[in-house]
**Student:** 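This is the structure, below, for whatever I ask next.
Residue numbers start from 1 in every chain, and the chains themselves are labelled A, B, ... in the order their sequence lines are given, proteins ahead of strands. Just so you know, these numbers use all the heavy atoms, side chains as well, and skip hydrogens, waters and symmetry mates.
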2 protein chains.
Amino acid sequence: MLSFRYTVPMNAPRPARVKTARERARAELTAEILAAARRQLRESGAGDLSLRSVARELGMASSAVYRYFASRDELLTALIVQAYTEIGEAAEHADRPGNAPGERWLAVWRAVRDWSVANRHEYALIFGTPIPGYIAPHITIEVAGRMPLTLARIAADARRAGALAPPPGPVCPPEAITPEMLVLLEGDEFTPDETARLILAWNRLVGIIGYELHGHLANVTADDALFFDHTARTEGAHLGLAFD
Amino acid sequence: MLSFRYTVPMNAPRPARVKTARERARAELTAEILAAARRQLRESGAGDLSLRSVARELGMASSAVYRYFASRDELLTALIVQAYTEIGEAAEHADRPGNAPGERWLAVWRAVRDWSVANRHEYALIFGTPIPGYIAPHITIEVAGRMPLTLARIAADARRAGALAPPPGPVCPPEAITPEMLVLLEGDEFTPDETARLILAWNRLVGIIGYELHGHLANVTADDALFFDHTARTEGAHLGLAFD
DNA sequence: CCGAAACGAGAGCACCGCTCTTGCATTACT
DNA sequence: AGTAATGCAAGAGCGGTGCTCTCGTTTCGG
């Protein structure tokens, strides 16, 4: 399942000539299919995305699309990778390492929210209900880390500057956290409790946006942007960052 | 849309006789259809649930099902109401008003998690990605409140007992919260900031369970139950409850 | 230059939600 | 009690889906 069976193998022997005409055409068509799928995802959501309709939009037979994506799931996987990449880049580009940790934190949170409200179906694709029977390929788990790692870097910088002062509260038992999670950033080791606070912050960022996008805050919050900023500050303060 | 068009109107004039044979048969078959749909939801998720397959399971023509549920959306709505009711009852039944607030809080959180892991597809149905094109009918918004209201009651009781002491942190601006949210429980008025903390706790409960169920904690937490308990305590402490 | 590989199109299979018609059983009304 | 209205189950059918297979064509590499 999810075999990418028609795609070029990673370790195929490369010919002397860089690209044959066929390879160029293939790469172009693959990109066009992905673009059409993204277009349909944007306006109708993942549920309404069909291989046949993107084939129609591109004026080709539906069976021809299977030369480029072995299944609908594979097409969705490509869109998932795209979404993870974009939200990761949004976070990274919003971060200004020179600024104060609190400012950086708020800027990154806002950037992630902005991307999410502008790409709600893409957000749902990566943070909503998993597609039934769908198992995330290995490719996704790497790119999925870019956004939370941006948050971790801010905390690490604050920590190195002696500006990370988590307020008192229940202490997370170390055995609750995976060992490899404790070496999240090379050279900046967090305590298990700090790591737990980071995980919770990441979970909060995704969760509060989901609540907003999925309508759970409909009659609850009067000003979503204001409440989001408050949430960002609350979570940042819980991690030990200073604001204002 | 979602008109329940074949169902008996609420305010129809009731005949002298309580139930005709036809009405009994109708009620029974409706329940059977719902049960079959729930069965299929349990094992395959909402995406794979089809009216035709429940019809097959019940040995009837697919068109006959439409006499009882006007559409697939309507069948899903019934399942959503069922799920909201069950998670609300799980929370309510786990609450022991005589116990200390911290104990009550933890018990309710655990009950909600237990129900969710035992009914992951039902959880996804109410807290996951909304069905495309689907708008929650009015019926759902009332029953959806039972679970969060259980949390609010614990906070209200603690507050009345003078045992609600929220730790310092960013204060939520009052205009971020809807006015009707501030009179959440009659007679127990929370401050806007307390209300915000309650909203965040509710969001956390749903969000952390979603992370666990959807695999986002896969290589992150080593002991999900332990981390969940820590999360419950953290969120309870942030609300101002005392633990241990 | 020629065989192998890649490709596009079409037909086809099994499924889906939903509608409409038809014939029968039950109910309600006179 | 007879009749008209209603409820109901079944079947055919429409347009859609993912996916497979075949077949003729094009392109590439040895």
**Student:** Would you kindly give the CD-to-P distance between A/Gln40 and D/dG18, to the nearest whole Å?
**Tutor:** 10 Å

**Student:** Pick base, sugar-phosphate or nothing for B/Leu58, based on heavy-atom distances below 4.0 Å to the nucleic acid.
**Tutor:**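 The answer is nothing, as B/Leu58 stays clear of every strand by at least 4.0 Å.
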
**Student:** Is A/Ser50 close enough to D/dT17 that one of its side-chain N or O atoms is under 4.0 Å from OP1 or OP2 there?
**Tutor:** yes

**Student:** Measure from CZ on A/Arg24 to C1' on D/dT26 and round the result to the nearest Å.
**Tutor:** 16 Å

**Student:** May I ask you to say what B/Leu75 touches in the nucleic acid, namely base, sugar-phosphate or nothing, with a heavy-atom cut-off under 4.0 Å?
**Tutor:**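 No contact at all - B/Leu75 keeps every heavy atom at 4.0 Å or more from the nucleic acid.
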
**Student:** Rounded to whole Å, please give me the gap between CG in B/Leu51 and P in C/dT19.
**Tutor:**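 Result: 11 Å.
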
**Student:** Any chance the rings of A/Phe127 and B/His214 have centres within less than 6.0 Å?
**Tutor:**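 No, too far apart.
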
**Student:** May I ask you to decide if the ring planes of B/Trp109 and B/Phe228 are parallel, tilted or perpendicular, using 30° and 60° as cut-offs?
**Tutor:**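 Ring orientation of B/Trp109 relative to B/Phe228: tilted.
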
**Student:** Taking only the side-chain heavy atoms of B/Tyr66 (C-beta and beyond), determine which of C/dC18, C/dC20, D/dC21 contains the nearest atom.
**Tutor:**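 Given the options C/dC18, C/dC20, D/dC21, the side chain of B/Tyr66 is closest to C/dC18.
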
**Student:** So, is B/Arg56 close to the C/dC16 phosphate, meaning a side-chain N or O under 4.0 Å from OP1 or OP2?
**Tutor:** yes

**Student:** Compare every heavy atom of B/Ile199 with every heavy atom of B/Met181, then report the nearest pair and how far apart it is.
**Tutor:**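 Closest approach of B/Met181 to B/Ile199, heavy atoms only: CE-CG1, 4.2 Å.
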
**Student:** With nearest nucleotides of DNA chain C determined for A/Ala61 and A/Arg52 from heavy-atom distances, which residue corresponds to the more 5′ nucleotide?
**Tutor:** A/Ala61

**Student:** Rounded to whole Å, how long is the line connecting atom CZ of A/Arg67 with atom P of D/dC21?
**Tutor:** 12 Å

**Student:** D/dA10 base to B/Ser63 side chain: any donor-acceptor pair below 3.5 Å?
**Tutor:** yes

**Student:** Output the rounded distance in Å from CG (A/Leu76) to C1' (D/dT17).
**Tutor:**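 For the pair A/Leu76 CG and D/dT17 C1', the rounded distance is 14 Å.
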
**Student:** What pairs with B/Trp115 under ring pair (Phe, Tyr, Trp, His ring centres under 6.0 Å), at least two apart in sequence or on another chain?
**Tutor:**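 Scan of B/Trp115 (ring pair (Phe, Tyr, Trp, His ring centres under 6.0 Å), adjacent residues dropped) gives none.
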
**Student:** Write down the distance between CZ (B/Arg26) and C1' (C/dT27), rounded to a whole number of angstrom.
**Tutor:**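 After rounding, the reported distance stands at 14 Å.
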
**Student:** Taking ring pair (Phe, Tyr, Trp, His ring centres under 6.0 Å) as the definition, give me every residue that meets it alongside A/Phe227, ordered by chain and number, with sequence neighbours left out.
**Tutor:**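 By the ring pair (Phe, Tyr, Trp, His ring centres under 6.0 Å) rule, A/Phe227 matches no residue at all.
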
**Student:** Would you please confirm or rule out a distance under 4.0 Å between OP1 or OP2 of D/dA9 and any side-chain N or O of B/Tyr68?
**Tutor:**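 True: B/Tyr68 side-chain N/O within range (under 4.0 Å) of D/dA9 OP1/OP2.
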
**Student:** I need the CG-C1' distance between A/Asp48 and D/dT17, as an integer number of Å.
**Tutor:** 11 Å

**Student:** To the nearest Å, how far apart are A/Arg22 CZ and C/dA4 C1'?
**Tutor:** 10 Å

